[in-house]
Amino acid sequence: MAATEIPKAYEPKSVEDKWYAEWLKAGQFTANPASTKPPYSIVIPPPNVTGVLTMGHVLNNTLQDILARRKRMQGCEVLWLPGTDHAGIATQTVVEKTLKKQGVMKHRDDLGREKFLEKVWEWKDKHGGIIIQQLKKLGCSCDWTRERFTMDEKYSECVLRTFVDLYQKGLIYRGKRMVNWDPAGRTALSDEEVIMTETQGHLWHFKYPLVGSKDFVVVATTRPETMLGDEAVAVNPGDQRYRHLVGRKVLLPLRNKEIPVIADAAVDPKFGTGCVKVTPAHDVADYEMALRHNLPFTVVIGPDGKMTEEAGEDFEELDRFECREAVVERLTEASLLVKVENYTHNVGYSERTNVPIEPYLSEQWFLRYPQVPRSTEAVETGAIKFYPERWTKTYTHWMRNIRDWCISRQLWWGHRIPVWYRGEETHCGLEAPQGDGWQQDPDVLDTWFSSWLWPFATMDEATLKKFYPTTDLVTGPDIIFFWVARMIMAGYEYMDEKPFSNVYFTGIIRDAIGRKMSKSLGNSPDPLDLIAKYGADGLRFGLMLIAPQGQDILFDEKRCEVGRNFMNKLWNAARFIQMQRATNPPARPHNAHDLKILYEMNDAIAKVGAALEAYKFNEAAKELYDFVWGDFCDWYIEASKVSPNLPVLDEVFNTILRLLHPFAPFITEELWAGTGGTGTIQFASWPQPREIAGATAEHAAKVDELYEVVGAARQLRNEYGISQKQRVDFVIVTDHFTTEDCHTIMRLIGECGVTVASSYTPQGVTPSLVTKAATIFMVGAVDVEQERQRLTKQLADIEKQLAGAEAKLANESFVSKAAPVAVQRERDKLASLREQRAKIAALLHALQ
RNA sequence: GGACGAUUAGCUCAGUUGGCUAGAGCGCUUCCUUGACAUGGAAGAGGUCACAGGUUCAAGUCCUGUAUCGUCCACCA
């Protein structure tokens, strides 16, 4: 490619589409189970099949892509297995809403199960591919030949087989229990799907008259509507105030029903009045109390959140919250309301429908988790490592307090429970049993009951053999219970082996003012817009720079600008090199700048590698950014303008491309091709530091001192308002640098002449600056007062530092107790500072 | 009620096992369209590292406590 053909600014769009198509065509993401290379594998956290790409996905999948691409370069056989999740409730809700909107139905019952499911599949076929296409835009190097869906035939079979197996092992059972009921979705939920939210409510105190007496007891409740289903009033057995009442009856108001006063240790005598109304069918604690006391379970709230016939004709059909008001009103009229207090308490809300959860008595399927001790131990001992590590605590706490999992959902979209009933008979199996009259259980399984099998149910025999257990998992800490913990248990139960070795928990993406990104707030940018504006590489890199391990991320579009600008910088560095190549410069031995950049290159390779090993993606990105922009562009390329050394430019740039490829796959591939790289960069070797004679830390430090002189010259120019174009002469007084050293930096300090001397006596007022290794004079200027002020300021600065160093060294304990290196460092510093002080003082003196 | 995290420049954040003058990006000020790049270059202003104690020769870093914010867990009606 000729230099003139490269556009001035990087244009990502055509480059990205072109390369992604190439990669797919060449099958470069396809994992080969027969390969002899060491395996590396990740399974994608399957996004909701009807979902669209969010910033969370961008973060999550960029991280995975970085891991996968780097491992390819390191010579691993990489499998990054993609797919989507059928996401039971979420998908069904979306489709129901749409069908209602379109007037196709009012309720799914209008269509019936089969017709409705047809509609969902239609929807899935139409919208299910969107997020996959979006992931491709991002550059994700997934093995699309292995794309899976949790309702694929084979996958479904695996889900059902798992159910049957656990049933046969006695770990899955059916029972009538108090579950978390979502009245809007009309389904049971697991504990994890309930979000406890602090809610402003009231605590109502009501009188319940004692039968056969004018006395009454006072009970307190936050949910008056449930009193219609009360079956007792309970007090603590040790509570002297009420002891005499135990065994007597009270008259339940509005229902005119006699219910007993019972004693139960669960009652806290210090709370409220010490008397609790007991509603067995609508409160978890009351349910358990009722079991202990053989109380009946009167259901007054139905599955739709409306009051039942049992609530009495005055209340039947009322919504539970309307009923609350009605009950309060009626009890007030009857003068049974004692008082109302404002009361803040936690109320459970459905994660999906966002309505208050109703504790509801119903027949559901439950799972007693397998492999709990082994799974707990795996994380505690580090067989499975969490990054950041602190999440292990959250994990173990949950595992230690684990409760059975309600796995049945009253939905249609999902894996239908493989159980059939006929009269008293029950059959659990993959197929319907022989004979007539069998009815399959109408419920489906919790979505997570399929996704917990994801690391192995997605793989065929050969793939499993090569790639299981997977290496890394990248996911959000919000699904540590939903998914991560359950996958670990399933992995041990069915593969007798952990599902992954490392789990990297990302932060949660928030908007610029810290709010969670959400559709309703409209504060979530569309990643595709961002890709269009900044390029996928720019978006990825910008995000990586601000994605520290384990912290939430406040996202601002400005971040993308940083990424885009960086890509443009890289692009233009390539243009510069091409231009040099066109001039065909003669090769020459390494000079000071060459050795310096080669040292920094080795250093960058080491640092980027170490950061990635530790999953510190932002550190790796930062290191790359600083090396490319600072060391390479600002210093080395600028120095190269004096005398370019093409082999070094090429080597360093080639290394940069390879280091950067996992972060910015498109532009690096484009430049790799454009700068004479062979084949695709995807399988180019990951850079290793190499021995280069003279490229040492000492040398680099020395060149830094030279660059400090450059800084001083620029500072002098700036402060005296002498432009880069205006010629000025500098005298550099030093015995650290050769004349040649100093001449290689001339270009960096603008239009100038440079004289190197071992000593110099300025004529008249000559602005000067003292650096660690030299004194630089700008000859031919100017203002005495300005110069005096500047030198005085610099002197004060040096004095301050000097005082610190002197105090330290005067401290006997420091000298005797501190590490010898630390002491020596301090002494060197002191000497250098004193030297500088003397020089400045002399210069100041000369101004008098 | 527990557990965990955060508090460093106007803003968003880095700061490894305590040790050179606490850094970056954005924003701000001044100058510069010089043949890679104005999506750029140069220089600069800006911080008593939330607060109070403690350990240490030495604390942004370790310990204790306090405050504020955030997240997760927890059936007190």
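A note on names: the letters A, B, ... follow the listed sequences, proteins ahead of strands, and every chain is numbered from 1. These numbers were taken from a predicted model, which means no experiment stands behind them.
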Calculate, to the nearest 0.5 Å, the distance between atoms [atom1] and [atom2] belonging to [X] and [Y] respectively.
X	Y	atom1	atom2	result
Y349(A)	M196(A)	OH	CE	10.0 Å
I553(A)	T506(A)	CD1	OG1	6.5 Å
I745(A)	H593(A)	CD1	NE2	7.0 Å
D286(A)	L295(A)	CG	CG	9.5 Å

message = Tell me whether the count of non-hydrogen atoms from other residues, nucleotides or ligands lying under 6.0 Å of NZ in K641(A) goes above 12.
response =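 Yes, enclosed.
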key: Neighbour count above 12 (heavy atom, 6.0 Å) for E380(A) CD   =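 Yes.
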How close or far is atom [atom2] of [N] from atom [atom1] of [X], stated in whole angstroms?
X	N	atom1	atom2	result
F505(A)	rC4(B)	CZ	P	17 Å
R510(A)	rG70(B)	CZ	P	10 Å
E557(A)	rU12(B)	CD	P	18 Å
F386(A)	rC72(B)	CZ	P	17 Å
N401(A)	rC72(B)	CG	C1'	13 Å
R390(A)	rC73(B)	CZ	P	15 Å
I480(A)	rC72(B)	CD1	C1'	10 Å
E561(A)	rU12(B)	CD	P	18 Å

key: Test of ring centre spacing under 6.0 Å for F386(A) and W391(A)   =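 No, ring centres 6.0 Å or more apart.
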Test side chain to side chain contact (heavy atoms under 4.5 Å, CB included) applied to [X] - qualifying residues, sequence neighbours left out:
X	value
A574(A)	F653(A), L671(A)
I195(A)	T197(A), E351(A)
Y343(A)	L203(A), T222(A), F271(A), H345(A)

Rounding to the closest angstrom, what is the interatomic distance between [N] and [M] at atom [atom1]?
N	M	atom1	value
rG53(B)	rC69(B)	C1'	23 Å
rC72(B)	rU66(B)	C1'	23 Å
rA58(B)	rG18(B)	P	15 Å
rU17(B)	rA36(B)	C1'	42 Å
rG41(B)	rG47(B)	P	26 Å
rG15(B)	rC49(B)	C1'	11 Å
rU48(B)	rG60(B)	P	13 Å
rA77(B)	rC4(B)	P	25 Å

key: Under the ring pair (Phe, Tyr, Trp, His ring centres under 6.0 Å) test, residues paired with W405(A) that sit two or more places apart   =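 By the ring pair (Phe, Tyr, Trp, His ring centres under 6.0 Å) rule, W405(A) matches Y369(A), F449(A), W452(A).
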Whichever of N565(A) and V194(A) has its nearest RNA chain B nucleotide further upstream toward 5' =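 Nearest nucleotide further toward 5': that of N565(A).
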Output one line per pair: protein atom, nucleotide atom from nucleotides 22-25 of chain B, and distance, for all N/O pairs under 3.5 Å.
none

request  = Just jot down the salt bridge (charged side-chain N to carboxylate O under 4.0 Å, His left out) partners of D191(A), sequence neighbours excluded, or say none.
outcome  =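 Residues passing salt bridge (charged side-chain N to carboxylate O under 4.0 Å, His left out) with D191(A): R403(A).
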Could you tell me if the side chain of [Y] sits less than 4.5 Å from the side chain of [X], heavy atoms only?
X	Y	result
Y242(A)	N236(A)	no
H282(A)	P359(A)	no
M544(A)	K622(A)	no

query = In terms of the angle between their ring planes, are Y360(A) and W181(A) parallel, tilted or perpendicular, with boundaries placed at 30° and 60°?
reply =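 Tilted.
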Residues 554-570 of chain A side chain polar contacts: donor-acceptor under 3.5 Å, at least two apart:
unit_1: D556(A); atom_1: OD1; unit_2: K558(A); atom_2: N; d: 3.0
unit_1: E557(A); atom_1: OE2; unit_2: K533(A); atom_2: NZ; d: 2.6
unit_1: E557(A); atom_1: OE2; unit_2: Y534(A); atom_2: OH; d: 2.8
unit_1: N565(A); atom_1: ND2; unit_2: E561(A); atom_2: O; d: 3.4
unit_1: N568(A); atom_1: OD1; unit_2: Y10(A); atom_2: N; d: 3.1

Below 3.5 Å between N/O atoms, which protein atoms pair up with nucleotides 7-11 of chain B? Just atom names and distances, please.
none

task = Using only heavy-atom distances, determine whether the side chains of W398(A) and E192(A) contain a donor-acceptor pair under 3.5 Å.
result =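 Their side chains do contain a donor-acceptor pair, which is all the 3.5 Å distance test asks for.
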query = Does a side-chain N or O from K393(A) land closer than 4.0 Å to OP1 or OP2 of rA3(B), or not?
reply =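 Result: no.
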ask   = Charged N to carboxylate O below 4.0 Å: is that the case for E358(A) and R223(A)?
value =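 A salt bridge is present here (some side-chain N lies under 4.0 Å from a carboxylate O).
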task = Name every residue in residues 710-718 of chain A that has at least one heavy atom under 4.0 Å from any atom of RNA chain B, in order of residue number, or write none if there are no such residues.
result =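 R714(A), Q715(A), N718(A) - these, ordered by number, are the residues of the stretch whose heavy atoms sit under 4.0 Å from the strand.
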key: Base-paired stems that RNA chain B participates in, counting runs of 3 or more Watson-Crick or G-U pairs under 3.5 Å   =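 B:1-7 with B:67-73, B:10-13 with B:23-26, B:28-32 with B:40-44, B:50-54 with B:62-66 - these are the stems of 3 or more pairs that involve RNA chain B.
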I'd like a list of close polar pairs between nucleotides 74-77 of chain B and the protein, N/O only, cut-off under 3.5 Å.
unit_1: rA74(B); atom_1: N6; unit_2: N346(A); atom_2: ND2; d: 2.6
unit_1: rC76(B); atom_1: O2; unit_2: D268(A); atom_2: OD2; d: 3.1
unit_1: rC76(B); atom_1: N3; unit_2: D268(A); atom_2: OD2; d: 2.8
unit_1: rA77(B); atom_1: OP2; unit_2: Y343(A); atom_2: OH; d: 3.0
unit_1: rA77(B); atom_1: O2'; unit_2: A220(A); atom_2: O; d: 2.7
unit_1: rA77(B); atom_1: N6; unit_2: D268(A); atom_2: O; d: 2.6
unit_1: rA77(B); atom_1: N6; unit_2: F271(A); atom_2: O; d: 2.8
unit_1: rA77(B); atom_1: N1; unit_2: D268(A); atom_2: N; d: 3.3

task = For W629(A), report the nucleic acid contact type (base, sugar-phosphate, nothing); a contact means any heavy atom under 4.0 Å.
result =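 Sugar-phosphate, no base atom in range.
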task = With salt bridge (Lys or Arg N to Asp or Glu O under 4.0 Å) as the test, would you mind laying out the steps for D404(A) and R177(A) before giving the verdict?
result = CA-CA 11 Å; D404(A) 290 357; R177(A) 297 290 147 85; 5.7 Å; no
Please enumerate all protein N or O atoms sitting under 3.5 Å from an N or O of nucleotides 33-36 of chain B, with distances to 0.1 Å.
unit_1: rA36(B); atom_1: OP1; unit_2: K641(A); atom_2: NZ; d: 3.3
unit_1: rA36(B); atom_1: O2'; unit_2: N572(A); atom_2: OD1; d: 2.5
unit_1: rA36(B); atom_1: O2'; unit_2: R575(A); atom_2: NH1; d: 2.7
unit_1: rA36(B); atom_1: N7; unit_2: K641(A); atom_2: NZ; d: 3.2
unit_1: rA36(B); atom_1: N6; unit_2: C633(A); atom_2: O; d: 3.3
unit_1: rA36(B); atom_1: N6; unit_2: E638(A); atom_2: OE2; d: 3.1
unit_1: rA36(B); atom_1: N3; unit_2: N572(A); atom_2: O; d: 3.1
unit_1: rA36(B); atom_1: N3; unit_2: A573(A); atom_2: N; d: 3.4

